Amino acid sequence: MTTPSQYASVRYLVDDVQAAVDFYTTHLGFTVHTSAAPAFADVVRGPLRLLLSGPTSSGARATPADAATAGRNRIHLVVDDLDAEIDRLRGSGLDFRGDVVSGPGGRQILLTDPAGNLIELFQPAQRTASTR
């Protein structure tokens, strides 16, 4: 188990480690923690450590062949202003997977990293004092 002072880590399999590092650091506010590119790098944002494993990394080699593609799981990044983030990222040439979806908990949209892994940008619904 992790302690509060440690990162929560998620591993994403990527085709190009440097392209993934550039994507996450340029567009989503991550910073490089370590790099052993082209095999592996990890980037951090707050308590999240994203492990970016290229085809030659031990993490990728340990993955069964039938589970080696990007899946439906995703990291979930909370944003203050979803519309502003969408405009900023589209202005950088990024494309989204679908449209904004709204629900009782908030609004969200999906984009993909260069390897096709999903990232959810989520803006929580505004709560009034009576609904807290």
Side-chain angles (χ1 to χ4, degrees):
M1 292 300 221
T2 59
T3 64
S5 64
Q6 294 177 312
Y7 295 116
S9 297
V10 174
R11 183 180 309 279
Y12 269 174
L13 301 181
V14 299
D15 300 327
D16 182 329
V17 170
Q18 191 58 54
V21 167
D22 293 344
F23 174 84
Y24 285 99
T25 59
T26 300
H27 301 295
L28 299 176
F30 284 79
T31 58
V32 175
H33 187 258
T34 58
S35 179
F40 172 84
D42 61 339
V43 293
V44 296
R45 176 179 163 174
L48 174 61
R49 178 177 169 231
L50 191 54
L51 310 169
L52 303 170
S53 296
T56 62
S57 71
S58 60
R61 290 191 324 263
T63 304
D66 64 347
T69 60
R72 294 177 52 133
N73 296 318
R74 56 194 178 243
I75 60 172
H76 171 95
L77 302 177
V78 175
V79 299
D80 292 327
D81 185 339
L82 184 62
D83 296 320
E85 285 299 308
I86 292 168
D87 289 344
R88 181 182 70 80
L89 294 168
R90 280 195 175 132
S92 295
L94 300 183
D95 294 318
F96 290 86
R97 299 287 311 266
D99 297 317
V100 172
V101 175
S102 296
R107 300 169 59 232
Q108 63 186 338
I109 194 166
L110 299 176
L111 70 147
T112 57
D113 71 9
N117 294 300
L118 293 171
I119 298 112
E120 177 184 323
L121 302 179
F122 178 80
Q123 180 181 346
Q126 296 296 319
R127 302 284 187 212
T128 62
S130 64
T131 61
R132 287 186 187 165

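Being a predicted model, the structure only gives us computed values, none of them experimental. Starting from 1, each residue takes its place in the sequence as its number.
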Around atom CG of Asp99, are there more than 12 heavy atoms from other residues, nucleotides or ligands closer than 6.0 Å?
no
Any donor-acceptor N/O pair, Arg45 side chain to Leu28 backbone, under 3.5 Å
yes
Counting only heavy atoms not in Arg88, do more than 12 fall under 6.0 Å of its CZ?
yes
Heavy-atom donor-acceptor pair, Asn117 side chain to Leu13 backbone, under 3.5 Å
yes
Joint cluster assignment, Val17 & Val10, ILVMFWY side-chain distance < 4.5 Å
yes
Answer with yes or no whether the hydrophobic clustering places Val100 together with Leu77; edges join I, L, V, M, F, W, Y residues whose side-chain heavy atoms lie under 4.5 Å apart.
yes
Can you measure from CG (Asp80) to CD (Gln123) and round to the nearest 0.5 angstrom?
7.5 Å
Using every non-hydrogen atom in the two residues, find where His27 and Leu94 come nearest and quote the distance to one decimal.
CG-CD1, 3.7 Å
Interatomic distance, Arg90 atom CZ to Asp95 atom CG [nearest 0.5 angstrom]:
8.0 Å
Do Leu52 and Phe30 have side chains that get closer than 4.5 Å, going by heavy atoms?
no
Indicate the ring-plane relationship of Phe122 and His76, choosing parallel, tilted or perpendicular according to the 30° and 60° boundaries.
tilted
Give me the atom names and distance for the closest heavy-atom approach of Leu121 to Glu85.
CD1-CB, 4.5 Å
Can you measure from OG (Ser9) to CG (Leu48) and round to the nearest 0.5 angstrom?
7.5 Å
Taking all non-hydrogen atoms of both residues into account, name the closest pair between Ala39 and Thr56 and its distance.
CB-OG1, 3.5 Å
Is it the case that the side chain of Asp42 and the backbone of Thr34 share a donor-acceptor pair, with hydrogens and angles ignored and the cut-off at 3.5 Å?
yes
Run Asp83 and Arg107 through side chain to side chain contact (heavy atoms under 4.5 Å, CB included) and show every step you take.
CA-CA 10 Å; Asp83 296 320; Arg107 300 169 59 232; 2.9 Å; yes
Do Arg74 and Ile119 have side chains that get closer than 4.5 Å, going by heavy atoms?
no
What distance separates Ile86 CD1 from Leu89 CG, expressed to the nearest 0.5 Å?
8.5 Å
Single-linkage hydrophobic cluster Phe96~Phe23, side-chain heavy atoms < 4.5 angstrom
yes
Here the pair of heavy atoms bringing Ala19 nearest to Pro114 is O-CG, 3.8 Å
Which atoms form the tightest heavy-atom contact between Ser57 and Phe40, and what is the distance?
CB-CB, 4.5 Å
I'd like to know if the side chain of Tyr12 and the backbone of Ile75 have a donor-acceptor N/O pair within less than 3.5 Å.
yes
Could you check whether any side-chain heavy atom of Leu51 comes within less than 4.5 Å of a side-chain heavy atom of Tyr7, counting everything from C-beta outward?
no
Honestly curious: do Val32 and Tyr24 fall in one hydrophobic cluster under the side-chain, below-4.5 Å linking rule?
yes
To check you understand the geometry: which heavy-atom pair defines the closest contact between Pro55 and Val14, and what is its length?
CD-O, 3.5 Å
Are any non-hydrogen side-chain atoms of Thr112 and Leu110 less than 4.5 angstrom apart?
no
